[in-house]
Every structure is written in structure tokens, then in C-alpha cells.
Amino acid sequence: MPGETFDYIVVGAGSAGCVLADRLTASGRHRVLLLEAGPEDRNPWLHIPLGYGKLFTDRRFNWCYETEPQEHCHGRNIIAPRGKVIGGSSSINGLIYIRGQAEDFDRWRELGNAGWGFEDLLPYFRRAEDNERGADAWHGAGGPLAVANARDRHPLADAFIEAAVACGHPRNDDFNGRRQEGAGHYQTTTRNGVRCSAAAAYLKPARRRANLSVVSGALATRILFDGRRATGVEYRRGGTLHRAGAGAEVIVSCGAINSPQLLQLSGVGPAALLGSFGIPVVADVPGVGDALNDHYAGRIRLRVNVPLTLNDAVSTWRGRIAQALRYGFARRGFFTIGAIVAGCFLRAHPASATPDVQCSIALYSGDSIGGVLHPYSGVTGVCTLLRPESRGWVRIKSADPAAAPAIHPNYLATALDRETLVAGVRALRRIFEAPALARYVDEEIDPGAECRSDGELLDFIRLRGSTVYHPVSTCRMGQDADAVVDARLRVRGLEALRVIDASIMPSVPSGNTNAAVIAIGEKGADLVLEDARTAGA
């Protein structure tokens with residue numbers, strides 16, 4: 001069991017973990033061990049953008065979690081996919097690059113988290129980016145993370161934008177620029193038609209360094225402590241239990257589900273919960289696992305009258321082979337697309353000062369996400385609630401590190417969430433009914449024309465809605481008694497232990513979360529290195 005000692009141990013090779021592994025080893029002064037429960041990212045579908053659809057139920061690369069029964073969603077257990085592979089969820093996500101609104105991060109700072117406002121984070125967003133549009137006041141070029149325009153402009157995506165503009169929403173060619181509101185095409189984390197995961201962007205070049213050790217297939221079982229100081233990590237690999245020491249710090253980067261799980265298994269969390277499983281309490285930190293915040297969406301499915309959708313492209317062997325050849329030789333076609341291709345950020349609720357929903361078009365339709373596509377030409381309209389008030393929790397269900405935790409996002413628990421999402425789905429419908437897009441639509445299949453009242457729409461959203469896979473806040477940053485980490489991402493009341501990943505967000509940003517997690521990794525690395533320099537002095 002005695003193992004090697006490193007300066008830093010990073011647990012989790014996801015979006016933030018890959019950034020940390022790169023930045024902490026760049027100087028050559030620090031030895032870093034990066035542990036990942038999943039395998040290496042060698043499967044081709046992890047690098048082909050369209051591969052995200054094949055990975056929703058693949059337990060080799062996906063934890064394939066599901067929530068506890070959701071009271072406000074007809075008691076359903078809702079899928080909660082999370083990456084279990086080098087690159088984490090950045091290797092299986094929908095590739096959409098959205099930062100969120102400046103106001104989101106300014107609210108973090110207003111809660112007492114100094115250094116976490118938008119102006120504080122903008123340099124990290126820019127440093128991370130290699131945007132094919134080039135550098136400007138809002139964007140970076142030459143950074144590790146490739147950000148690209150769509151390889152092909154699809155007529156249905158163009159029609160969606162035209163229809164949204166006709167409904168009174170402004171045209172917006174850059175959702176990550178001066179303002180988010182409006183309709184436009186999404187950029188994706190791709191380079192030359194290939195997924196640019198955090199592993200490809202940050203970890204691949206860093207692995208050439210002798211001071212970085214990466215161990216995949218390594219399930220962290222607990223953090224080791226000497227009193228209240230983190231001293232290392234115990235992990236299981238290939239049926240054997242190992243230990244590694246950390247001379248400087250242990251950094252937990254397992255994401256919003258697995259980070260609180262590991263802390264609780266290690267004796268850091270609500271004392272009563274830990275005691276119920278016989279886990280010795282290192283620190284009674286009630287907020288570990290609390291405040292889970294996630295985006296929920298309503299989806300409408302439509303039959304279109306043009307054979308231009310993914311449903312059509314892959315409905316036959318000839319079509320699949322044609323798409324594969326087009327991708328293989330030209331890096332174009334459906335294999336290059338993200339989960340959604342165009343969207344509109346808009347204000348659905350009259351009380352909202354900034355966009356509160358994200359309406360998008362996906363160029364496919366099916367009865368379930370990641371399931372079999374419909375046999376007809378179909379598209380999906382997605383309306384995501386951007387700033388949900390509803391909060392839930394993550395809690396271990398046993399002392400077994402391999403057992404999935406209980407995940408309870410508490411979707412649609414507040415009246416404002418329900419009202420905003422109903423209004424948002426109505427706005428999404430109006431876009432599909434506008435002439436520019438309506439000429440392509442034969443009918444709305446789900447929920448269908450008979451579903452019209454607010455009550456009927458809400459019931460449909462409860463019954464058929466789902467997450468868009470952006471859980472955050474379970475190791476929340478703040479100054480209040482329930483906050484888990486401080487503004488330097490140190491676990492309160494403990495030494496040499498930080499959490500650096502999506503779980504530290506005080507609330508979910510207004511949009512897809514991967515860009516913000518990358519920025520957290522960048523800033524977190526700076527905080528670690530600053531403290532190392534101070535300690536050295």
C-alpha cells in the first residue's frame with residue numbers, strides 16, 4: 001500500500017483536472033499525479049463530434065447515473081450522464097461553447113467571492129481560447145482550447161435564426177461577446193472537424209513532461225488525512241488498492257456529482273450522513289453535496305418536409321457510409337455537428353432583465369436522447385431554463401466508492417422555474433411557427449397541436465422534459481456557513497485540500513457550462529501556484 005509521493009495529486013481528469021495537470025507541471029518545478037477512474041480516450045467516437053449521441057448509454061465512458069425520483073416531474077428518474085474517461089464530460093458532451101452572461105459571474109462576486117466577477121474571469125476565458133475568428137477584447141487566439149464555427153451552414157439552422165429575428169429577437173453573431181441575447185449559430189470546441197476535449201487541448205501536450213504521471217482506470221476511494229491536513233489519496237486500480245502521497249495539496253476535480261461523493265467517503269461532509277455509514281468524521285461540513293443546481297429543458301419534436309436531417313442522413317447503410325466518407329476525406333457533414341447548431345437566448349418571463357431561456361434547434365429527433373432516431377425527417381426544439389432557482393443535493397448511499405450516489409436536483413420545485421419554462425416553450429413554438437421556419441415544418445409531433453394551455457404545457461414539460469447535463473454547486477464557493485470552499489477554492493476548516501471544478505460554482509451560469517469549468521481550472525491553477533510561491537518564500 002505505501003506509494004510514491006508527489007507535490008500535487010489531482011483527482012479527476014475531466015475539464016478542470018486536465019487544465020490543472022497542464023498548468024501545474026508547465027514550470028517543471030512540481031510533480032503531479034493525475035488520477036482518472038475511467039479509461040484512456042482512444043475510442044474514435046470520443047473524437048468525432050457526432051459521437052456524443054453514441055455515448056449516452058456507453059458505460060465504458062459514461063457513469064450513466066440517474067436521479068432519484070423527481071417529485072415535480074411525475075416521479076421520474078431522469079438520466080444524468082457524466083464522463084468517465086480521460087477528458088471527463090468534455091469528451092462526451094455536445095461541444096457547445098457558451099460562457100454565460102457577465103451578470104452570472106458578477107453575482108458570484110457579489111456573494112463575497114472576491115476575484116470571481118466577469119472582469120476577473122475574462123482573462124482566463126481569453127487565455128484558454130484558440131478562437132478561429134481571432135483575438136479581440138472578448139476572445140483569445142493561440143490558447144489550448146479550439147473554438148470553431150460550424151463547418152457547414154445548414155438551411156434549417158439558418159431558417160431558425162431568420163424565424164427568431166422575425167419574432168423580434170436581435171441577430172447575434174457572438175453569444176460570448178458584448179451581449180448574449182439574440183439568435184445565431186453556435187461555436188463548438190472543435191478543430192478541423194475533430195472534438196477538442198480538455199484532454200486534447202491541455203493534457204495531450206502535458207503528458208510529454210516527466211513531472212506528470214497520469215493513471216487511468218484508478219477509482220479514488222478516499223482522501224487520506226493527518227488530523228485535518230490532506231496528505232494523499234487511496235485509489236483502486238485493477239483490483240489492487242494503492243496509496244499516493246501529496247506533499248503540497250490534494251485537489252479534487254471529479255465534478256459536481258463525484259467530488260461531493262469523494263469528500264463524503266473521506267469523512268468530509270454532513271456528520272449525521274457519514275455516521276450512518278460508519279465513516280469516521282474528519283470534518284463536519286454540512287454543505288458538501290448540498291445546493292445542486294442544474295439546467296432543465298423542455299423539448300418539442302417536429303416532422304419536417306425536407307430530407308435534410310440527421311434522421312435522413314443515417315437512415316440507410318448507403319447514407320451512413322456517405323456521411324462517414326465525407327467526414328473522413330473532407331471533415332464535413334453531419335459527423336462534425338454538435339448537439340445543437342443554432343439558438344436564441346431570450347427573455348421569456350416578464351420579470352427577467354436578461355435572457356432566462358436558451359431556445360435551440362437540433363437537426364434530429366427521437367423518442368429519447370441517445371436513442372433510435374425517428375424514421376421520418378425530424379428536428380427537435382430545445383428550451384433550456386437558464387437560471388433555475390430549484391436546488392437539490394448529492395449524497396452517498398453507501399460506504400462503497402463504486403456505488404452511485406443519490407442525485408436529487410429537485411427540478412421545477414419553484415413557481416418561477418415553472419412559469420419561465422412554460423413561457424420559454426411558448427416562445428420556442430412561436431419561432432417554429434414563423435414563416436421562415438414554418439415552411440419546412442409539417443407538424444409538431446410532440447406534444448402536438450392539442451397541447452395549448454399553460455397547464456397542459458407544464459404537464460408535458462414535467463413528463464417529457466430532461467436535464468441538459470450541467471450540474472454544479474455541490475461544493476459551493478462562498479462565505480456563508482454552508483459554503484464548502486473559500487474564494488481560493490480551499491475546503492473550509494481543512495488544510496492542503498481544494499476543490500476545483502463545476503461543483504464550486506455558487507450557481508449555474510446562463511448557458512452550457514464547459515467553458516466556465518475550463519476558466520475555473522485556469523484560475524484555480526493560478527491560485528495554487530500563487531500559494532506555492534508564497535509558501536516557498
Side-chain angles (χ1 to χ4, degrees), residues 52-53 56-57 66-67 70 72-81 94 154 156-157 159-160 163-164 167 295-315 334 337 339-344 346 348 357-385 411-412 417-434 436-469:
Y52 68 86
F56 268 92
T57 57
E66 63 177 27
T67 70
Q70 294 298 287
H72 305 286
C73 300
H74 287 275
R76 292 182 298 134
N77 301 90
I78 295 174
I79 62 169
H154 196 280
L156 291 174
F160 182 92
C167 289
H295 286 143
Y296 187 87
R299 291 177 170 87
I300 62 175
R301 296 167 179 84
L302 307 102
R303 187 199 304 266
V304 297
N305 55 27
V306 287
L308 299 175
T309 70
L310 180 63
N311 299 23
D312 306 295
V314 299
S315 62
F334 276 104
I337 67 169
I340 46 181
V341 291
C344 181
L346 59 90
V357 296
Q358 177 183 2
C359 294
S360 307
I361 183 172
L363 301 176
Y364 55 86
S365 67
D367 290 331
S368 63
I369 301 166
V372 177
L373 300 180
H374 288 144
Y376 51 79
S377 304
V379 297
T380 303
V382 184
C383 179
T384 301
L385 178 67
Y411 295 126
L412 301 180
D417 286 359
R418 297 189 291 268
E419 292 167 5
T420 304
L421 198 47
V422 167
V425 171
R426 285 198 179 281
L428 176 63
R429 275 178 148 181
R430 285 194 292 273
I431 292 173
F432 276 97
E433 291 165 358
L437 195 51
R439 67 176 182 263
Y440 294 112
V441 176
D442 273 346
E443 63 175 320
E444 182 184 283
I445 300 294
D446 194 21
E450 67 280 1
C451 180
R452 302 309 303 179
S453 72
D454 283 357
E456 289 169 336
L457 272 177
L458 178 58
D459 192 61
F460 165 72
I461 292 166
R462 292 183 192 271
L463 184 64
R464 298 297 300 275
S466 183
T467 174
V468 289
Y469 333 114

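The minimum heavy-atom distance between Ala157 and Val341, with the atom names listed, is CB-CG2, 3.8 Å. Nearest heavy-atom pair across Ala159 and Ala436 is CB-O, 3.5 Å. Between Ile461 and Val425, the shortest heavy-atom contact is CD1-CG2, 3.7 Å. Pairing each heavy atom of Ile78 with each of Ser466, the nearest pair is CG2-OG, 3.6 Å. Considering all non-hydrogen atoms of both residues, Ala339 and Ala362 come closest at O-CB, 3.5 Å. Across every non-hydrogen atom of Ile337 and Tyr52, the tightest pair is O-CE2, 3.9 Å.
Taken to the nearest 0.5 Å, the CG atom of Leu156 stands 6.0 Å off from the CG atom of Leu363. Note that OG1 of Thr467 is 11.0 Å distant from CG of Leu385, once rounded to the nearest 0.5 Å. One distance of note links CZ of Arg299 with OG of Ser365; it measures 12.5 Å at 0.5 Å rounding. For the atom pair CG (Leu302) and CD1 (Ile445), the distance works out to 8.0 Å, reported to the nearest 0.5 Å. Atom SG of residue Cys73 and atom CG of residue Leu463 lie 9.5 Å apart, to the nearest 0.5 angstrom.
Glu433 is not listed as a side-chain neighbour of Glu444, based on a closest heavy-atom distance of 4.5 Å or more. For the pair Leu457/Arg429, a side-chain contact is recorded, criterion being any heavy-atom separation below 4.5 Å from C-beta on. No side-chain heavy atom of Leu373 sits under 4.5 Å from any side-chain heavy atom of Thr309. Counting only heavy atoms from C-beta outward, the side chains of Arg464 and Pro447 never approach each other to under 4.5 Å. In this structure the side chain of Ile300 reaches within 4.5 angstrom of the side chain of Phe460, judged on heavy atoms. A 4.5 Å side-chain heavy-atom check between Tyr411 and Asp417 finds every atom pair outside the cut-off. Contact check for Val372 versus Asp367: no side-chain heavy atoms found under the 4.5 Å cut-off.
Not counting sequence neighbours, the partners of Asp459 by the side chain to side chain donor-acceptor pair (under 3.5 Å) test are His74. Every residue meeting the ring-ring contact (aromatic ring centres under 6.0 Å, His included) condition with His374, not counting sequence neighbours, appears here in chain and number order: Tyr376. Under the rule for a side chain to side chain donor-acceptor pair (under 3.5 Å), Arg462 has no partner lying at least two apart in sequence or in another chain. For Tyr296, the side chain to side chain donor-acceptor pair (under 3.5 Å) criterion is met by Arg76, not counting sequence neighbours. For Asp454, the side chain to side chain donor-acceptor pair (under 3.5 Å) criterion is met by Arg426, not counting sequence neighbours.
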Contacts table for residues 377-384: side-chain donor-acceptor under 3.5 angstrom, sequence neighbours left out:
| from | atom 1 | to | atom 2 | distance (Å) |
| --- | --- | --- | --- | --- |
| Ser377 | OG | Asp312 | OD1 | 2.7 |
| Ser377 | OG | Asp312 | OD2 | 3.1 |
| Thr380 | OG1 | Tyr364 | O | 2.7 |

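A salt bridge is defined here as a Lys NZ or Arg NE, NH1 or NH2 lying under 4.0 Å from an Asp or Glu carboxylate O, and Arg301 with Asp446 meets this definition.
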Start with the C-alpha distance between Ile340 and Gln358, add both sets of side-chain angles, then the distance that settles side-chain contact (heavy atoms from CB on, under 4.5 Å), and finish with yes or no. CA-CA 11 Å; Ile340 46 181; Gln358 177 183 2; 4.3 Å; yes

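The main-chain N or O of Leu412 is found under 3.5 Å from a side-chain atom of Arg418 such that the two form a donor-acceptor pair. Checked by atom type and distance alone, the side chain of His154 never pairs as donor or acceptor with a backbone atom of Ala342 at under 3.5 Å.
The ring of Phe160 has its center no closer than 6.0 angstrom to the ring center of Tyr440.
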